[in-house]
Every structure is written in structure tokens, then in C-alpha cells.
Amino acid sequence: MKIVHSLFTYHMFSIEELYQKYLINRAVTIDARHVPPGALFFAIRGTRFNGNAFAAEALAKGASYAIIDDPAYAGPSTAYIVVEDSLSMLVQLASYHRSQYGPDFSIIAVTGSYGKTTTKELIYSVLSTTYRTVATKGNLNTIIGIALTLLKLAQDTQIAVIEMGATQLDDIALCCKIVQPTHGLITAIGEVHLEVTGSLKRVTQGKGFGTLEGVIQGKGELYDYLYITGGIVFLNTLDPLLLTLSKRFTQPITYPQATDYAPLDLMAEEPFLRYRSAEGAEVTTHLLGKSHIYNIAAALCVAKYFKVAPAAAHQAIQAYIPANKRMEFVTKGSNQFIIDSYNASPASVQLALDALLQLKVRYRVVILGDMAELGSQTTAWHNKIVKQLLHPGYDLVLLCGAFFMAAVDKVFHAKMHGFANKEVLADYLRSHHFQHSGILFKGGNTVEIHTLVELVREP
């Protein structure tokens with residue numbers, strides 16, 4: 001098929017033809033700033049940018065082809081491939097590539113309201129000791145990130161670990177259709193992405209789950225897919241909700257109780273987690289927060305199922321150090337920092353607050369940014385967190401954002417301070433000094449509360 005625009009004629013590639021172009025270098029990018037030699041550049045449209053505008057730049061930097069969905073951005077070169085929708089074509093290419101590996105190729109899908117990125121990283125760490133493994137990079141768990149991950153499957157790849165995020169119903173179902181996972185794991189289910197655009201009557205078409213029941217249904221789409229396809233589920237038997245959702249599976253692979261397939265005991269928080277394995281190995285990790293024991297147990301369960309040597313799996317867990325602003329532990333002078341600035345759901349806030357109490361310090365400071373996407377429950381959750389912060393273990397509480405400010409106004413406690421925005425909070429930190437303190441920086445990624453760490457000074 002050919003289309004004509006202005007003075008130029010362009011060939012409309014089929015997915016099979018595009019796939020042959022991909023196989024030449026097996027490289028794909030959506031970022032014109034980072035173009036591997038010979039890569040296919042997909043011009044993706046965002047809310048604040050139009051990838052078509054960067055097609056020429058990508059080609060100049062070494063891309064072999066630029067896949068665009070607006071002919072107006074094409075030049076007189078056969079390197080431009082015009083399609084109806086660039087994102088759709090990227091997803092189709094990834095799905096087509098996945099299909100080349102067959103239904104028996106092992107892909108582990110990981111989803112959940114929280115803990116999924118750490119769990120994915122731990123699973124990748126243990127499997128990589130034995131297999132050539134591909135995994136989602138960082139937290140790129142949207143449909144774009146999933147497509148880019150699938151396109152990293154090489155000829156010698158033996159197993160893949162794909163993290164799946166969701167903000168509304170049908171997101172996980174769509175991901176499963178593309179990824180075709182053979183195994184799956186839900187870390188936990190909690191109150192996230194509750195805010196709905198539009199009326200609640202249109203929750204399945206709008207953005208947001210609306211209610212906790214919506215979250216349960218949305219995350220449960222992974223179980224739905226695995227049940228229909230005869231896939232394997234890795235199950236935390238200490239989670240009543242997941243137990244209920246998984247009842248239809250007759251032989252889930254279970255953890256971490258003594259009678260489960262992969263038992264695990266938490267020994268201590270010092271403040272890092274220390275555990276004892278079924279083989280009697282005692283391992284000290286670099287992980288803060290008691291809930292990480294379930295992430296560790298999930299990874300060790302997967303490792304056992306895929307016959308990874310126990311010693312290699314434990315060594316991988318021990319060597320793993322959190323990064324990307326996810327419960328990172330940093331020491332600066334006499335102060336200790338916990339930096340958890342990717343998301344801020346009620347459950348993740350609770351986990352971070354618990355971890356702060358485990359630090360052996362003289363003084364504990366909580367710095368929190370507003371929690372987002374809680375819909376009608378926004379006020380109630382901010383009020384609940386503020387009441388919890390009256391605990392004597394927290395010596396100073398600095399809360400940022402309109403919702404936390406409103407909640408603080410109802411408490412009137414000397415140790416609590418509300419700030420309208422990050423800039424006002426920054427001024428406070430510049431004018432105060434901290435010593436021998438444990439300081440938690442917690443907030444959503446858009447708030448970027450972690451950028452305030454550099455303002456903390458000692459006397």
C-alpha cells in the first residue's frame with residue numbers, strides 16, 4: 001500500500017515487513033535523545049509532546065527508520081514509515097515478536113498495588129544467576145514499557161519477568177493479551193488509583209478504579225488470564241484477599257508459611273531485614289521495611305520453582321540494593337535518610353513510616369507529600385495518616401500539600417507543620433539543622449520530594 005502526501009510517496013508497511021526491519025538490529029527507541037545505532041524510532045504522542053516532531057533528529061542520530069503517524073513530519077526519505085498510530089504499531093510489533101517464542105516460553109507477570117517493582121527486581125536477580133533473563137527496566141510498567149521490554153527478548157533469552165501497572169479496569173487484561181504470561185504473581189492489593197475521570201457509572205471506560213473493589217477486579221485480571229490459559233500462580237498465603245481471589249487454582253505455588261512450597265522466616269529488622277531460609281541459611285539484606293519479607297519470599301519461591309540453586313538465590317537477594325527512590329537508605333554525616341519518592345498510596349506510606357521507626361537514631365523526622373488519586377477517599381486517608389503521626393516515635397512531622405495541610409489544621413500539635421507546596425517546605429529546611437536524625441522523604445513521583453534531601457544540613 002502507498003500513500004501520497006505533498007511531493008512525497010510513502011510505503012505503508014505491514015507488521016511482517018516492519019518486523020523484518022526490526023530483526024536487522026533488534027533495537028527500538030521512543031526517545032530521540034537516546035538512539036542505538038540502527039534502531040527503529042517510534043514517534044509516540046504524549047500529553048505535552050509530539051514524538052513526530054523528533055523523527056528527523058532520531059534519523060540524524062543513527063535510527064534506521066522513523067515510524068510516524070503524521071505525514072506532515074516526513075521528509076523525502078524512505079527512512080520514514082507512516083502508520084495510522086505509532087503507539088499501536090509499537091504494541092503490535094512487540095506482540096508479534098512475543099509470538100515468535102511460542103506459548104511455552106516462560107514469562108512471569110508481576111502486578112500489585114505496591115511492591116511490584118522491588119519484587120520484579122528480586123525475581124530478576126535470582127533468575128539471572130542461572131538463566132539469560134530479560135526484565136522490565138525500572139518501573140516502566142505501562143503498555144509502552146511492556147512493549148519495549150518484550151522487544152528486548154533476544155534469541156538466547158530463556159525467561160522474562162514483566163512488571164504490569166494499571167490505573168483502570170482492563171489495563172492488566174490488555175497487558176496479558178500482549179505479553180501472554182505463563183506464570184504470574186500479585187504482590188498485594190490496596191487503595192491506589194481510585195480517582196475516576198467522569199462518572200462512576202463509566203468506571204470501566206474512565207481512568208481510575210473508583211473503589212477498592214475496582215482495584216481488586218483490575219489486578220485480578222492477571223488471575224483471570226492465567227486461569228483461562230492454564231498458567232501458574234505464585235501465591236502469598238498470608239494475604240487473605242489473594243487467597244480468596246486464587247481459590248479457583250488447584251495447585252498454586254505458595255509461600256511463605258512453614259507448610260507452603262517455599263517457607264521463609266523473618267528473623268529481625270536491624271534496621272535491614274534478616275531472614276532464615278528453609279535450608280537454614282541466615283541472610284542479611286539491604287532492604288528496609290518489614291513488608292519486603294513478602295517480596296523476598298516471592299523471589300525465592302520463583303527461584304525454587306525454576307530450580308535455581310538456593311545458595312545462588314540467597315546471594316542474589318543479599319547483594320540487591322534498592323535504587324530509583326524506592327526505600328533507598330542513605331547516610332549523610334550523622335543523619336540517616338529513607339528516600340521513597342515514587343508513589344504515595346496509603347499502604348506504601350504506612351510501610352515507610354514503619355521502617356523509619358526501626359532506625360537507631362535520636363530523632364525521627366517525617367516529610368510527606370500529598371497522596372494522589374484517592375478520589376472520594378482523599379480527605380479521609382490524609383486525616384488517618386495525620387492521626388497516626390501523633391505516635392511518640394515521630395519527633396517532627398513536615399507535611400506538604402493542600403490535603404495534608406487541611407488534615408494538620410484539625411490536629412493542632414506542636415510537632416506538626418503543614419506547607420502549601422514544596423518551595424515553602426524547602427525554605428523551612430534551609431533555615432533548620434538536623435543532627436543524629438532519621439529522616440523519611442516520602443511522596444509521589446510528581447511531587448519530587450526527594451529533591452529536598454540536599455537541603456538537609458547539620459549544625
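Excluded from the calculations below are hydrogen atoms, water molecules and symmetry mates; all remaining heavy atoms, backbone and side chain alike, are included.
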Q. Looking only at atom types and distance, does a side-chain atom of N25 sit under 3.5 Å from a main-chain N or O of A39, one as donor and one as acceptor?
A. no
Q. Can you tell me how far the SG atom of C400 sits from the CG atom of L452, to the nearest 0.5 Å?
A. 7.5 Å
Q.
Could you check whether E17 pairs with K21 (Lys NZ or Arg NE/NH1/NH2 to Asp/Glu carboxylate O, under 4.0 Å)?
A. no
Q: Flag the pair K152 / R26 as yes when at least one side-chain heavy-atom distance between them is below 4.5 Å, and no otherwise.
A: no
Q. Can you tell me if Y275 and H292 form a side-chain donor-acceptor pair at under 3.5 Å?
A. no
Q) Is the number of heavy atoms from other residues, nucleotides or ligands under 6.0 Å of K332 NZ greater than 12? A) yes
Q: Decide yes or no for T118 and L287: does some side-chain heavy atom of the first lie under 4.5 Å from some side-chain heavy atom of the second?
A: yes
Q. Is S86 reaching over with its side chain to a backbone N or O of A43, donor-acceptor style, under 3.5 angstrom?
A. yes
Q) Could you walk me through whether I162 and I108 pass the side chain to side chain contact (heavy atoms under 4.5 Å, CB included) check? A) CA-CA 6 Å; I162 309 290; I108 305 165; over 6 Å; no
Q: Evaluate the side-chain proximity of V110 to H183: yes if any heavy-atom separation is below 4.5 Å, no if none is.
A: no
Q: Test H286 against Y320 for ring-ring contact (aromatic ring centres under 6.0 Å, His included), laying out the working first.
A: CA-CA 7 Å; H286 292 91; Y320 173 75; 8.8 Å; no
Q.
Please determine whether side chain to side chain contact (heavy atoms under 4.5 Å, CB included) holds for the pair T133 and V161, giving the CA-CA distance in whole Å, both sets of side-chain angles, and the decisive distance to 0.1 Å.
A. CA-CA 8 Å; T133 310; V161 188; 4.2 Å; yes
Q: Write down the atom of Y80, the atom of G75, and the distance for their closest heavy-atom approach.
A: CE1-N, 3.1 Å
Q) So, does Y22 use its side chain to make a donor-acceptor pair with the main chain of L151 at under 3.5 Å? A) yes
**Q.** Nearest-0.5 Å distance that lies between atom OG1 in T149 and atom CD1 in I107
**A.** 10.0 Å
Q) Looking at side-chain heavy atoms only, is the closest gap between C176 and I172 below 4.5 Å? A) yes
(Q) I need the minimum non-hydrogen distance between V126 and A303, along with the two atoms involved. (A) CG2-CB, 3.9 Å
Q. If you round to the nearest 0.5 Å, how far is CD of E163 from CD of E121?
A. 8.0 Å
Q: Report, as yes or no, whether the 6.0 Å neighbourhood of atom CD on Q350 holds more than 12 heavy atoms from other residues, nucleotides or ligands.
A: yes
Q) Shortest non-hydrogen contact from A32 to E57? A) O-OE2, 3.7 Å
Q.
Surrounding CD of Q251 (heavy atoms of other residues, nucleotides or ligands, distance under 6.0 Å), is the total greater than 12?
A. no
(Q) Using modelled atom types and a 3.5 Å cut-off, is there a donor and acceptor pairing between side-chain atoms of D370 and backbone atoms of F403? (A) yes
(Q) M89 vs I15, test: side chain to side chain contact (heavy atoms under 4.5 Å, CB included). Steps then yes/no. (A) CA-CA 8 Å; M89 186 59 71; I15 193 64; 3.7 Å; yes
Q.
Is the ring pair Y101/F105 parallel, tilted or perpendicular, if the boundaries are 30 and 60 degrees?
A. tilted
Q) Would you say Q318 and T285 make side-chain contact, with heavy atoms under 4.5 Å? A) no
Q. Would you call D427 and K422 a salt bridge, taking side-chain N to carboxylate O under 4.0 Å as the test?
A. no
Q | Donor-acceptor under 3.5 Å (T111 side chain, I186 main chain) | A | no
Q. Roughly how far, to the nearest 0.5 Å, is the CG atom of L359 from the CZ atom of F329?
A. 6.0 Å
Q: Could you check F441 against H450 for ring-ring contact (aromatic ring centres under 6.0 Å, His included), going step by step and ending with a plain yes or no?
A: CA-CA 6 Å; F441 287 85; H450 61 277; 9.2 Å; no
Q: Report the distance from atom CZ of F49 to atom CD1 of I44, rounding to the nearest 0.5 Å.
A: 8.0 Å
Q | Under 3.5 Å: donor-acceptor pair, side chain of H382, backbone of T378 | A | yes
Q: Measure from the side-chain N and O atoms of S95 to the backbone N and O of Q92, and report whether any donor-acceptor pair falls under 3.5 Å.
A: no
Q: Locate the shortest heavy-atom distance separating D340 from R326; write the atom from each residue and the value.
A: OD1-CA, 3.4 Å
Q) Does K177 make a cation-pi contact with Y225 (under 6.0 Å, within 45 degrees of the axis)? A) no
Q) Taking atom OH of Y227 as the centre, does the number of heavy atoms from other residues, nucleotides or ligands within less than 6.0 Å exceed 12? A) no
(Q) Please check this pair: side chain of T244 against backbone of L242, looking for a donor-acceptor N/O pair closer than 3.5 Å. (A) no
Q | Within the 6.0 Å centroid threshold, strictly below: Y255 and F234 | A | no
Q. Is it the case that more than 12 heavy atoms not belonging to E16 sit under 6.0 Å from its CD atom?
A. yes
Q | Any donor-acceptor pair under 3.5 Å from K116 side chain to G112 backbone | A | yes
**Q.** L245 and I189, any side-chain heavy atoms less than 4.5 Å apart
**A.** yes
Q. Would T130 and K307 count as having a side-chain donor-acceptor pair, cut-off 3.5 Å?
A. no
Q. Going through the distances and angles, do R248 and D224 end up as a salt bridge (Lys or Arg N to Asp or Glu O under 4.0 Å)?
A. CA-CA 10 Å; R248 58 191 139 163; D224 295 340; 2.8 Å; yes
Q: Flag the pair D69 and R45 as a salt bridge only when some basic side-chain nitrogen lies within less than 4.0 angstrom of an acidic carboxylate oxygen.
A: yes
Q) What pair of heavy atoms forms the shortest contact from P181 to A109, and how long is it? A) CB-CB, 3.7 Å
Q) So how far is it from F337 CZ to I439 CD1, rounded to the nearest 0.5 Å? A) 4.5 Å
**Q.** Student check: side-chain heavy atoms of I232 and T182 closer than 4.5 Å
**A.** no
Q: Could you give me the CA-CA distance, side-chain angles and deciding distance for S14 and Y19, then say whether side chain to side chain contact (heavy atoms under 4.5 Å, CB included) is met?
A: CA-CA 9 Å; S14 67; Y19 188 65; over 6 Å; no
Q: Using modelled atom types only, decide if a donor and an acceptor are shared between the side chain of K304 and the backbone of Y261 within a distance under 3.5 Å.
A: yes
Q) Taking all atoms of both residues into account, what is the closest heavy-atom pair of L264 and I293, and its distance? A) CD2-CD1, 3.8 Å
Q. Hey, does Y223 have a side-chain heavy atom less than 4.5 Å from the side chain of S246?
A. yes
